[in-house]
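The block underneath contains the structure these notes are about, expressed in structure tokens.
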Amino acid sequence: MTSMTDSIPDHVPADLVFPFDYRGDAQIRESLWDYLASMGDRPAMFFSPDLGGYWVVTTAALAEEVFSNHEIFSVRSVSVPKLESPVKLIPNNYDPPEHAPYRRMFTQNLFSPRALSSLEDVTRRDARALLNAMTPGRCEFVGEFAERLPIDVFLAGMGVDPAHREQFLPWVRNVFSGATKEEFGRGMAEASTFLAEWLKKQMEAPETNGGGMFQAMIASRIDGRALTWDEMHRITVMLFLGGLDTVTSEMSHVMYFLAGSPAHRQRLIDRPADIPKAVEEMLRRFSIANIGRIVVKDTDFHGVRLKAGDPVLIATPIVGLDESAFENATTVDFDRGRARGVRHLAFGAGPHLCPGAYLARTQLRVMLEELLPRMPGLRLQPGAKIEWRAGADFMVRELPLEWDAVGSA
Ligand code: HEM
């Protein structure tokens, strides 16, 4: 039988050891943000003996360095515990310099304004449709809205028939909320197989596919050559993993917060032009992503001894609450950062900075523009018990909301 201390290597000093199981702590499930805020007195980098042992980065300054310094912190595994998948996702599992041509293809082609041009209209249309499909005055927001809209946007961008949305739902749920490894494995296998078969079909007549992101992928060149089928598949799976549950999770925190804060909500209804900077502040306050790295060489990092092979977690939800970077960090202040909005690390930093940020921001903005004015008196349903989901993305599991439906008593 192994004990917790077995997972503390000799080079880790006792005063840097603190428990934190970001995948399973009961405190995450019961009171996520209070629990994370209570970690403010922990060191900028501490070692958790949970999950086989790993470093946790908690300040914005160190997080930015870890995200940016691939010579010490590699993306060979972006999960904690270490998972060196035989299938390398493009571009996330490549360190520079191999990362650079794929990355350019993402920023210049796949996520270019041209490739994304129709997606705001799709987002608005589908946001309205999802709202209209709700029972007037009440919904379970995660299942009825937040899980569905990002799937619609992904399908539209890739030119997949929108009728497949309901098929994608259980795959995303199994991969990100599955209770067991088997559920995770099944979700991944089913999604990957569907996308492989779909892609094969598209390649028979690529010109008939109307998806801007798909067309950009077809037109992309890596060192002068077209992408192989295998590369396209690994990109498509990357978008499935990176672009759906993240947006769902962020939406769940934003709506939970706004349902309990009428003053913040009213400001956005009265002054919709403030929505973009409010979105930035809520991305900072409720950052969701826990991102892994592997130390690739022994090093002294700001006085902390790291050894090659040590796993590191950049816990952006804790980083967003770093008082040394954000004064009164737990307060949601839409005017933080003044006109341009607060600068934060919710989307990472450095070479892997999220290329989907524009798409994510658009979905969050459109959600607020469309829903808030149509949900007067928004609040939690009486008796609703909120539980947070631990894991790679922190999320509100279910969010039962109600509001004063027009025409109801
Ligand atoms: C609120 C929503 C989102 C959050 C919080 C988020 C967060 C992040 C973070 C922190 C990273 C850096 C990972 C690392 O350093 O290893 C990242 C990378 C990435 N994200 Fe996002 N993301 C979001 C939405 C999206 C969307 C909508 C897409 C695409 C449809 C997307 C696609 C990607 C891709 C492809 C990468 C890898 C980039 C690279 O390795 O160069 N993300 N995201």
Side-chain angles (χ1 to χ4, degrees), residues 57 60 63-70 73-80 83 88-111 115-116 119-120 122-123 146 149-158 172 176 211-214 216-217 234-254 279-280 282-294 312-317 319-320 344-367 392-395:
V57 179
E64 187 150 13
E65 266 193 66
V66 174
F67 271 128
S68 305
N69 189 339
H70 66 274
F73 304 99
S74 165
V75 294
R76 228 173 275 160
S77 167
V78 287
S79 315
V80 172
L83 177 71
K88 286 173 96 174
L89 294 175
I90 296 175
N92 202 214
N93 289 131
Y94 289 84
D95 284 305
E98 291 84 7
H99 176 254
Y102 287 130
R103 174 75 192 186
R104 263 197 303 280
M105 186 255 306
F106 262 74
T107 50
Q108 294 175 6
N109 297 67
L110 233 78
F111 289 90
L116 304 181
L119 292 185
E120 175 160 347
V122 170
T123 306
L149 191 67
I151 297 179
D152 288 353
V153 174
F154 167 76
L155 298 182
M158 295 306 281
V172 182
F176 290 95
M213 289 162 77
F214 176 84
M217 189 164 72
R234 288 188 284 141
I235 289 168
T236 313
V237 173
M238 167 84 237
L239 294 176
F240 167 81
L241 290 174
L244 307 188
D245 188 73
T246 46
V247 180
T248 301
S249 300
E250 194 59 53
M251 285 177 166
S252 75
H253 294 294
V254 166
V279 164
E280 294 315 302
M282 290 187 281
L283 279 160
R284 188 255 339 145
R285 173 61 181 86
F286 308 109
S287 299
I288 50 128
N290 294 298
I291 307 285
R293 293 287 188 266
I294 297 268
V312 177
L313 188 80
I314 311 158
T316 71
V319 168
H344 55 75
L345 290 153
F347 291 118
H352 298 275
L353 176 72
C354 179
Y358 171 80
L359 211 50
R361 288 178 165 122
T362 303
Q363 291 181 66
L364 291 163
R365 171 174 56 79
V366 170
M367 170 185 85
D393 303 328
F394 289 152
M395 185 174 101

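Every number for a ligand or one of its atoms is a count from 1 in the order of the listing. On a predicted model such as this, the values are computed, not experimentally measured, just so you know.
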Study note, to complete from the structure: In this structure, atom 31 (C) of ligand 1 is nearest to the protein heavy atom G242 O, 3.6 Å
Exercise for review: Using a strict 4.0 Å cut-off to heavy atoms of G348, name the atoms of ligand 1 that fall inside it.
Suggested key: 10 (C)
Review point. Counting heavy atoms only, which part of F111 comes closer than 4.0 Å to ligand 1: side chain, backbone, both or neither?
Key: side chain
Review point. Any side-chain heavy-atom pair from I90 and K88 closer than 4.5 angstrom?
Key: no
Point to revise | N or O contact, Q363 vs ligand 1, cut-off under 3.5 Å | key: no
Practice item. Would you mind telling me if ligand 1 is within reach of the side chain of N92, the backbone, both or neither, using heavy atoms under 4.0 Å? Key: both
Point to revise | Protein heavy atom at shortest distance from atom 40 (O) of ligand 1 | key: H352 ND1, 2.7 Å
Exercise for review: Could you see which bit of F154 sits under 4.0 Å from ligand 1, with heavy atoms only: side chain, backbone, both or neither?
Suggested key: neither
Check your understanding: Heavy atoms, side chains only, cut-off 4.5 Å: are E250 and Q363 in contact?
Key -> no
Practice item. Pull out every atom of ligand 1 sitting under 4.0 Å from any heavy atom of A360, numbered as shown with elements. Key: 1 (C), 2 (C), 24 (C)
Exercise for review: Check whether any N or O atom of H99, backbone or side chain, sits under 3.5 Å from an N or O atom of ligand 1, and answer yes or no.
Suggested key: yes
Practice item. Please state which part of H253 comes within less than 4.0 Å of ligand 1, counting heavy atoms only: side chain, backbone, both or neither. Key: neither
Check your understanding: Are any of the heavy atoms in R293 under 4.0 Å away from ligand 1?
Key -> yes
Check your understanding: Does an N or O from T246, backbone or side chain, lie closer than 3.5 Å to an N or O of ligand 1?
Key -> no
Exercise for review: State if Y102 counts as touching ligand 1 under the rule of any non-hydrogen atom under 4.0 Å.
Suggested key: no
